Protein chains: 2
Amino acid sequence: MNLVCAQCPVRDSAACSVLEEKERDALSTVGRTRVLKRGEMLFAAGDDEAACATLVSGAMKIAAVDRDGNEQILSLVHPSGFIGEMFTPFAHHDVVALTESRLCVFSRKDMERAIEDYPALARALLRRSQEDLHAARSMIELTAHGSAEARLAALLYDFARAASDSPCHPAGEFDLPLSRGEIANMLGLTIETVSRKLGELEDVGAIRRKGKRGIEIIDPAHLLALSGKDEN
Amino acid sequence: MNLVCAQCPVRDSAACSVLEEKERDALSTVGRTRVLKRGEMLFAAGDDEAACATLVSGAMKIAAVDRDGNEQILSLVHPSGFIGEMFTPFAHHDVVALTESRLCVFSRKDMERAIEDYPALARALLRRSQEDLHAARSMIELTAHGSAEARLAALLYDFARAASDSPCHPAGEFDLPLSRGEIANMLGLTIETVSRKLGELEDVGAIRRKGKRGIEIIDPAHLLALSGKDEN
DNA sequence: CGCATCTTTGATAGGAGTCAATATTTGTGG
DNA sequence: CCACAAATATTGACTCCTATCAAAGATGCG
């Protein structure tokens, strides 16, 4: 087996995990790994040579840039996530590393060929795309109705789950992958409101702040209740 | 060729348009057409026998229901749009007809088989899914930052374009497919705010209201400017 | 150690929500 | 075809949440 793939941490969870070993080797020869430092851009809105990629480790954000130059975070990408618009002539969004990130990058052309050669890959990407769609709609649901407190509680709960090993139970403690400004941006709030509401969540005993980025979940049920969500 | 398909208005634009004639005929034998009246539900959140469908004519809404029973419209579906979560055990959202709608419905099992048998279909659905994802993210961008006025202007502009024959120019006049309550719900506003802002858009000379549902676009550029968007 | 960046905290104001009343449209049955 | 009831939409007064403006504390990096 290809060396890179052999020790890939997402080899069993990424889209390419549905391929036969031979197929994956073939695909890996046209892909290349790339490492981005925090803040570095994989590609920008408007790029016409934007590629596709699977995130191997780290975290990325997908953000739109409006005509005033303000960015709006649309989605976070976690390891094994797939990035890339395969059917548009150019990228609509910026894709930026939140932490040092390792990616497996493919040109759009190679990716197009791959999904024709390997139908299972197309189906895997379809599944992933529908999951992303569901996540985006959950975000809509959250931001449409929902106070600042509810949005923040939901985001914290999501992060806690993402940080946990067990799939459904939230981690007891984790580091925020985003700055206050990024959190505010993602939730459609201001930095000040995020800061205040974090303080209130701490006062109420739902969380405890550990330094600037550290969060300890004291009362997950309370957090979930505040978020206004049932489960997912 | 199959009779139903032969006179299908979306036969050249729906996902199944990528199939060979023979393949499409085969698929059409396992699908069935269904007609829903305004307000009727295709399936509901939680249904485990939820199916997949292509919208042939009419308009549908996809809506989440929170634990208080309030609905949140997440997306509208227009003719040739595809509906259905193929990889989840049960439906997450309600799917309801906004106007009398005709659909081509497939059981999930048949659909799963179809995307295995016809790789081109899987690719077509992938493309559609990515388009839906992009639409959902545009919605996020709109609702996150953006005043009530901007959201409403953007929605009206979108509707005007959807109502137009030519792909890019907005229609000069059209009927709103949604009630005030549905518009409010979709934009994360209240009925009263929608009503007021519609009045202001009229005062400003951007639109003219014709009865409850009719809208005439007086000044498309102004509307676009208020929406805070560049183009799409 | 000092500067730059990020975060917290405070005071104020504005936009949208809420509550309430009125007007309009729609649909149904007489 | 009209009349009445129910649903939908508009308008007004008031309140509350969050944005904005401003300043002071942390935190981190060179």
Side-chain angles (χ1 to χ4, degrees), chain A residues 37-39 66 68 70-73 98-100 142-156 175-204 207-215 226-228, chain B residues 37-39 61 66 68 70-73 96 98-100 142-156 175-204 207-215 226-228:
Chain A
K37 288 201 283 285
R38 172 176 173 78
D66 70 17
D68 303 331
N70 304 314
E71 86 163 23
Q72 164 66 43
I73 299 178
L98 291 169
T99 64
E100 173 153 324
L142 186 67
T143 48
H145 302 290
S147 63
E149 187 173 55
R151 298 185 205 183
L152 193 53
L155 191 72
L156 290 178
D175 273 359
L176 289 169
L178 303 176
S179 71
R180 296 289 184 276
E182 286 168 327
I183 293 173
N185 176 298
M186 194 163 171
L187 297 177
L189 302 171
T190 58
I191 293 179
E192 295 93 322
T193 299
V194 171
S195 187
R196 274 186 259 270
K197 295 301 172 188
L198 273 177
E200 290 175 22
L201 287 177
E202 189 167 28
D203 294 343
V204 148
I207 64 169
R208 189 173 299 151
R209 283 182 285 184
K210 304 230 169 158
K212 212 190 295 201
R213 293 257 172 146
I215 295 285
L226 288 174
S227 80
Chain B
K37 287 201 283 288
R38 172 176 173 79
K61 66 178 174 186
D66 69 18
D68 304 331
N70 304 315
E71 85 163 23
Q72 164 66 42
I73 298 179
V96 179
L98 291 170
T99 66
E100 172 153 324
L142 186 67
T143 48
H145 303 291
S147 63
E149 186 172 56
R151 298 184 204 183
L152 193 53
L155 191 70
L156 290 178
D175 273 357
L176 290 169
L178 303 176
S179 69
R180 297 288 185 277
E182 286 168 327
I183 293 173
N185 175 300
M186 193 163 174
L187 298 177
L189 302 170
T190 58
I191 292 179
E192 295 93 323
T193 299
V194 170
S195 188
R196 274 186 259 269
K197 295 302 173 189
L198 272 178
E200 291 175 21
L201 287 176
E202 191 167 26
D203 293 343
V204 147
I207 64 169
R208 188 173 300 151
R209 283 182 284 183
K210 304 226 169 166
K212 210 193 293 200
R213 294 253 169 147
I215 296 284
L226 288 174
S227 81

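A note on names: the letters A, B, ... follow the listed sequences, proteins ahead of strands, and every chain is numbered from 1. The model shown is predicted, which means the values in this text are computed figures rather than measured ones. Side chains are part of it too, since the values below use all heavy atoms of this structure and drop only hydrogens, waters and symmetry mates.
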Checklist entry - Can you give one letter per nucleotide of nucleotides 1-7 of chain C, going 5' to 3': B for a protein heavy atom under 4.0 Å from the base, S for sugar-phosphate only, - for none? => result -----SS
Extract from the structure each pairing of a protein N or O with an N or O of nucleotides 18-21 of chain C at less than 3.5 Å, listing the distance.
residue: C:dT18; atom: O4; partner: B:Arg196; partner atom: NH2; Å: 3.0
residue: C:dC19; atom: N4; partner: B:Glu192; partner atom: OE2; Å: 3.0

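- In this structure, A:Thr143 has no side chain to side chain donor-acceptor pair (under 3.5 Å) partners at least two apart in sequence or on a different chain.
- Contacts of B:Thr190 classified as side chain to side chain donor-acceptor pair (under 3.5 Å), with partners at least two apart in sequence or in another chain: B:Thr193.
- The separation between B:Leu198 atom CG and C:dT24 atom C1' is 15 Å, rounded to whole Å.
- By the salt bridge (charged side-chain N to carboxylate O under 4.0 Å, His left out) test, A:Arg209 is found to be paired with A:Glu202, residues two or more places apart in sequence or in another chain being considered.
- Annotation: side chain of A:Ile215 is not in contact with side chain of A:Asp175 (no heavy-atom distance under 4.5 Å).
- For the pair B:Leu152 CG and C:dG17 P, the interatomic distance rounds to 12 Å; values are reported in whole Å.
- Per the geometry, CG belonging to B:Asp175 stands 15 Å off C1' belonging to C:dT26, to the nearest Å.
- Listed by first and then second residue, the side chain to side chain donor-acceptor pair (under 3.5 Å) pairs involving residues 144-155 of chain A are A:His145-B:Gln72 (not counting sequence neighbours).
- Distance check, rounded to the nearest 0.5 Å: CD1 of A:Ile183 to CD1 of A:Ile191 gives 10.0 Å.
- The shortest side-chain heavy-atom distance between B:Asn70 and B:Asn185 does not fall under the 4.5 Å cut-off.
- Bounding nucleotides for the chain B contact on DNA chain D, 5' to 3', at a heavy-atom distance below 4.0 Å, are D:dT8 to D:dA13.
- Nearest-nucleotide positions on DNA chain D place B:Glu182 closer to the 5' end than the other of A:Ala148 and B:Glu182.
- For B:Glu100, the salt bridge (charged side-chain N to carboxylate O under 4.0 Å, His left out) test picks out no residue, with sequence neighbours left out.
- Remark: C1' of C:dT24 and NZ of B:Lys210 are 19 Å apart, rounded to the nearest angstrom.
- Counting heavy atoms from C-beta outward, B:Leu155 and B:Leu142 have side chains that stay 4.5 Å or more apart.
- Comparing the end axes of the helix from C:dC1-D:dG30 to C:dG30-D:dC1, each fitted to five base pairs by superposing C1' atoms of four pairs onto the next four, gives an inter-axis angle of 50° (nearest 10 degrees).
- Legend: salt bridge (charged side-chain N to carboxylate O under 4.0 Å, His left out) pairs involving residues 178-195 of chain B, not counting sequence neighbours, sorted by first then second residue: B:Lys61-B:Glu182.
- To the nearest 0.5 Å, atom CG of residue A:Leu152 and atom CE of residue A:Met186 are 11.5 Å apart.
- Per the geometry, CG belonging to B:Leu187 stands 13 Å off C1' belonging to C:dA16, to the nearest Å.
- Distance check: B:Ile73 CD1 to B:Leu187 CG gives 9.0 Å after rounding to the nearest 0.5 Å.
- Residues passing the salt bridge (charged side-chain N to carboxylate O under 4.0 Å, His left out) test with B:Arg208 are B:Glu216, sequence neighbours excluded.
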